[in-house]
Every structure is written in C-alpha cells, then in structure tokens.
Amino acid sequence: MQKKIIFLGLSLSLLSVRLHVYGQQNGLSVNYYQQSCPNVLQIVCQQMQQILNEDITLAASLLRLHFHDCFVRGCDASVLLNSTPGNAAEKAAIPNLTLRGFQQIDQIKAAVEAECPGVVSCADIVALAAQYSVGQVGGPIYQVPLGRRDGVVSLAIEALENIPAPFFNFTQLSNNFALKNLTDTDLVVLSGAHTIGVAHCPAFSNRLYNFSSTNNVDPTLNAQYASQLQADCPPGDTTTEVPMDYITPQTFDVNYYLLVSQNRGLFQSDAALLTQSFTDAYVDSHTLFPSNIIFFANFETSILKMGQISPLTGTQGQIRKICSAVNP
Ligand code: HEM
Ligand SMILES: *[C@@H]1O[C@H](CO)[C@@H](O)[C@H](O)[C@H]1NC(C)=O
Ligand SMILES: *[C@@H]1O[C@H](CO)[C@@H](O)[C@H](O)[C@H]1NC(C)=O
Ligand SMILES: *[C@@H]1O[C@H](CO)[C@@H](O)[C@H](O)[C@H]1NC(C)=O
Ligand SMILES: CC(=O)N[C@H]1CO[C@H](CO)[C@@H](O)[C@@H]1O
C-alpha cells in the first residue's frame with residue numbers, strides 16, 4: 001500500500017514536470033488560442049457532447065484516431081487527409097480501414113471555423129476530441145497543450161511502417177514505441193486505452209485457428225476465452241466486432257489489465273506485455289490493487305507525451321480549412 005502511494009506521488013510529480021517542460025520547449029501551450037479563439041474548448045465540448053450522446057462508441061474511435069495520427073509524421077492530422085489521384089493516403093492503408101470518426105472531426109472543425117476561421121488546426125481538434133472522449137467514458141480529464149499545425153503529406157506506406165500490428169511481440173512493440181521516443185512504461189500504460197472499444201475478427205483470428213505448426217490456438221490465450229472468441233469469429237469473418245475489455249467495454253478503467261493478467265488480452269500485442277518482467281509487473285499491480293487512480297495519472301502523462309510527438313509549429317505546415325484536404 002505504501003509503495004503504491006509513493007508510486008502515485010511520483011507519477012503525479014512526473015506529470016507536472018512534463019507539462020512544464022513540454023509546454024515550454026516545443027511551442028505548444030494550453031492557452032494557445034486564448035486570444036485568437038477564446039471559445040475553442042467550449043465549441044469542441046458542445047459538439048462532442050452531441051456526438052457522444054448520439055453514439056458513445058465513437059469515444060474509443062476518436063481516441064484511436066489521435067494515436068494513429070501521432071504515430072505517423074507526428075500529430076499533424078495527416079491521418080485525416082483523403083487520397084488524391086496518384087497518392088494513396090494513410091487512410092487507405094490496412095491499419096486504417098477500421099478507423100472511425102472522420103465525419104465527426106469534420107463536424108467539430110466546421111463549428112470551430114464558423115467562429116474562428118483559419119485559426120484552429122485539425123491536429124489540435126483531434127487531440128481535444130480524444131481527451132474529451134476519455135473524460136466522457138470515466139477516464140482522466142487533462143489539459144491538452146495546443147498549437148499543433150496541420151501537415152500537407154499523407155502516405156499509406158507510412159501508416160503501414162509506423163502503426164504497430166496486433167501480432168507484434170514485445171521487442172517489436174518496444175522498438176516501435178522507441179522510434180517515437182516513447183518508453184516501455186508508455187507502452188504498457190497506453191495499451192490501457194484498450195479498456196474501451198472494439199476490434200474486428202481479423203485483428204486476432206490468427207490466434208484462434210492454425211496459429212502455428214504445433215498449436216491451432218495460441219497457447220498463451222485462456223482456453224475458455226479462446227472458445228468464446230471462436231464462437232464470435234468463425235473462420236473468414238471480417239465484420240464482427242468484439243470488445244477488447246468485455247467486462248466494461250465503454251468505461252475507461254483498469255479492467256483491461258485484469259483481463260490481460262488472466263490471459264484474456266485480445267491481441268498478441270496485449271499478451272506480449274506479460275512477456276517482459278517490467279510490463280508484466282505493471283499489469284499485475286492492477287490486479288493486486290485495482291484502483292484507477294494510478295493508471296489515470298500514468299495515462300495522463302503518457303498520452304500527453306504521445307500527443308506531442310513531432311508537432312509542426314510556427315510557420316510549418318498550415319491550418320487546414322477542411323480536415324480531409326490540404327488548402328488549395
Ligand atoms: C501498443 C500497440 C497497439 C496495437 C498493436 C493496437 C492495435 C489495435 C487494433 C488491431 C485495434 C482494433 C482495430 C479493429 O479491428 O477494428 C485497436 C483498437 C483500438 N485501439 Fe489500439 N493498438 C495499440 C495501441 C493503442 C494506443 C496507444 C491507443 C491510444 C492511446 C489505442 C487505442 C485503441 C482504441 C481506443 C481502439 C478501439 C477503437 C474503436 O472501438 O473504434 N491503441 N488497436
Ligand atoms: C519478435 O519478432 C521478431 C520479428 O518477427 C523476431 O525476429 C524476434 O525473434 C521476436 N522476438 C521474440 C522475443 O520472440
Ligand atoms: C526523439 O529524440 C531524439 C533526440 O532528442 C530526436 O532527435 C528525435 O527527433 C525524437 N523523435 C521524435 C519522433 O520525437
Ligand atoms: C495452416 O498453416 C499452414 C502453414 O502456414 C498451411 O500450410 C496450412 O494450409 C494451413 N491450414 C489451414 C487449414 O488453414
Ligand atoms: C475509414 C476510412 O477512411 N476507410 C478508408 C480506408 O481506405 C479504403 C480504401 O482506400 C477506403 O475505401 C475507406 O473508406
């Protein structure tokens with residue numbers, strides 16, 4: 001108990017150090033639009049309220065969109081750009097086929113443009129929509145540093161190269177995160193985002209059928225859970241959606257870690273967290289002391305870091321007028 005409290009204290013102080021450092025070094029700040037668009041947070045909040053009232057499952061999709069944006073060319077809204085004749089955009093890449101929330105980002109952007117034309121970037125709107133989503137399903141509420149500008153390049157091949165695959169092992173995941181200057185702590189903490197949302201069968205069906213030459217089913221998968229997934233996902237099923245945290249699929253909490261610790265993590269990448277002692281200990285700590293407080297403090301730190309991967313600032317990039325295309 002005492003150790004956990006010390007751990008929590010450390011997490012909280014690391015957080016404030018980080019906010020301070022990142023807020024000053026890279027040109028982003030929570031007050032960025034104070035003069036140029038003072039109501040931006042209210043406008044986004046109002047739109048998000050409508051969006052999630054209509055469909056709460058978009059909370060997970062908008063969080064994932066922020067992740068996919070930031071892991072390719074930094075958080076520059078490149079994930080939102082449509083393909084053009086001669087260029088397959090990130091959206092066209094396999095990992096993006098299941099992304100959702102584009103229309104909703106367009107809706108928020110239109111509302112912001114109506115009040116502050118040409119001021120607020122699509123990249124900031126994605127970051128704010130992700131934060132609002134997390135807060136709305138019971139997760140931590142944190143202040144988002146703003147001032148990212150929008151990129152003008154989006155390449156499908158870069159999504160393939162940068163977005164980690166669900167069949168990655170620990171080494172592959174760790175290396176993938178390290179390329180973004182994210183640590184193994186960030187990896188195990190941000191994987192906790194899988195406490196909300198769904199996956200389609202192809203993301204994990206290799207674990208259920210013909211897994212290896214010696215095992216049809218991934219031996220690291222809980223047998224009962226494997227049978228349940230086989231029932232949900234018959235061979236060849238590409239459309240069924242399965243929750244990643246089936247205990248509380250629409251609530252941001254530590255139940256993801258409880259499931260992973262019981263070999264009920266849906267992806268190989270979730271199960272891989274148990275194969276390294278440090279991340280295994282982190283997963284297990286939530287089974288011994290299932291409090292959201294520590295996870296939330298850690299998540300806040302790591303998602304703020306993720307949200308500040310290689311931002312475009314100053315005169316770099318542009319402020320797009322619509323999020324799906326570069327300015328004419
Ligand atoms: C660690 C490496 C990661 C891998 C391999 C991974 C992989 C995946 C896959 C395969 C899906 C399901 C896609 C589908 O079939 O529909 C998914 C969903 C999701 N991921 Fe991850 N992910 C990772 C990290 C993250 C991070 C860092 C975040 C956010 C901070 C995140 C947030 C989500 C969310 C919220 C969903 C549900 C989306 C929805 O319901 O629409 N993931 N992820
Ligand atoms: C992880 O996957 C890579 C690429 O397939 C492989 O070279 C490596 O040996 C694997 N590492 C572990 C620990 O299984
Ligand atoms: C990671 O850190 C190194 C060294 O500070 C820096 O050169 C590099 O641009 C950073 N990469 C990202 C994606 O932030
Ligand atoms: C199982 O995998 C092996 C090796 O990849 C392949 O040769 C075989 O055809 C597969 N069997 C089925 C039933 O898919
Ligand atoms: C969500 C999304 O934009 N999906 C797109 C992924 O790419 C394919 C092929 O380009 C499009 O048809 C989808 O609309």
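These numbers come from the heavy atoms of this one structure, side chains and all, not from hydrogens, waters or symmetry mates. Read the numbers this way: they start at 1 and go in the same order the structure lists the ligands and their atoms.
Aromatic rings of Phe170 and Phe278 (six-membered ring for Trp) have centroids beyond the 6.0 Å cut-off, not under it. Tyr257 has its ring centre less than 6.0 Å from the ring centre of Tyr282.
Here atom 21 (Fe) of ligand 1 has protein N, O or S atoms under 2.8 Å from it, and they come to 1.
In terms of protein heavy atoms, atom 40 (O) of ligand 1 is closest to Val198 N, 2.9 Å. Atom 16 (O) of ligand 1 has as its closest protein heavy atom His200 ND1, 2.7 Å. For atom 2 (C) of ligand 1, the nearest non-hydrogen atom of the protein is Pro164 CG, 3.5 Å. The protein non-hydrogen atom at the shortest distance from atom 35 (C) of ligand 1 is Ala60 O, 3.1 Å. Residue, atom and distance of the protein heavy atom nearest to atom 41 (O) of ligand 1 are Ser61 OG, 2.7 Å.
Under the 4.5 angstrom side-chain criterion for Ile, Leu, Val, Met, Phe, Trp and Tyr, the cluster partners of Tyr209 are Phe204, Leu208, Leu221, Tyr225, Leu229, Val242, Met244, Tyr246, Ile247, Leu259, Leu266, Phe267.
By the criterion of a heavy-atom distance under 4.0 Å, the side chain of Ser269, and not its backbone, is placed next to ligand 1. Counting heavy atoms closer than 4.0 Å to ligand 1, residue Thr98 contributes side-chain atoms (C-beta onward) but none from N, CA, C or O. Contacts with ligand 1 closer than 4.0 Å are made by side-chain heavy atoms of Leu187 only, the backbone lying farther away. At a heavy-atom distance under 4.0 Å, only backbone atoms of Ala165 (N, CA, C or O) approach ligand 1.
In summary, the side chains of Tyr32 and Asp124 do not present any donor paired with an acceptor at a separation below 3.5 Å, with no hydrogens or angles considered. One side chain, Glu115 or Asn39, offers a donor N or O that lies under 3.5 Å from an acceptor on the other. Side-chain contact, Gln104 with Asp55: no donor N or O sits under 3.5 Å from an acceptor N or O. Looking at Asp184 and Ser174, their side chains do bring a donor and an acceptor atom within 3.5 Å of each other. For the residue pair Ser29 and Asn31, no side-chain donor N or O sits within less than 3.5 Å of a side-chain acceptor on the partner. Checked by atom type, the side-chain pair Lys305/Asn181 shows no donor-acceptor distance below 3.5 Å.
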Give the C-alpha distance, both sets of side-chain angles, the deciding distance and a yes or no for side-chain hydrogen bond (donor to acceptor under 3.5 Å, both in side chains) between Gln268 and Asn206. CA-CA 10 Å; Gln268 280 163 283; Asn206 69 312; 2.9 Å; yes
Does the pair Thr183 and Asp186 meet the rule for a side-chain hydrogen bond (donor to acceptor under 3.5 Å, both in side chains), with working shown? CA-CA 5 Å; Thr183 64; Asp186 297 317; 3.1 Å; yes
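Under the side chain to side chain donor-acceptor pair (under 3.5 Å) test applied with Tyr256, the options Asp270, Asp245, Thr248 reduce to a single match, Asp270.
Listed by chain and number, residues touching ligand 2 at under 4.0 Å (heavy atoms only) are Asn169, Thr171, Gln172.
Taking 4.0 Å as the cut-off, Phe177 counts as a neighbour of ligand 1 on heavy-atom distance.
Residues meeting the disulfide (SG to SG under 2.5 Å) test with Cys116, sequence neighbours left out: Cys37.
When each atom of ligand 3 is checked for a heavy atom of Asn181 under 4.0 Å away, the hits are 1 (C), 2 (O), 3 (C), 8 (C), 10 (C), 11 (N), 12 (C), 14 (O). For ligand 1, the atoms sitting less than 4.0 Å from at least one non-hydrogen atom of Ala203 are 10 (C), 15 (O), numbered in the order shown with element in parentheses. Interface of Ser310 with ligand 3, defined as ligand atoms under 4.0 Å from a residue heavy atom, comprises 12 (C), 13 (C), 14 (O). Against a heavy-atom cut-off of under 4.0 Å, Leu190 is close to the following atoms of ligand 1: 26 (C), 27 (C). Set against the non-hydrogen atoms of Leu179, the atoms of ligand 3 under 4.0 Å away are 13 (C).
Across all their heavy atoms, Phe296 and Phe252 have their closest contact at CZ-O, 3.4 Å.
For the atom pair CG of Asn255 and CZ of Phe295, the computed distance is 10.5 Å after rounding to the nearest 0.5 Å.
Side chains of Asn87 and Val153 form no contact here, defined as non-hydrogen atoms less than 4.5 Å apart. Using a 4.5 Å heavy-atom cutoff, the side chains of Ile319 and Val119 are not in contact.
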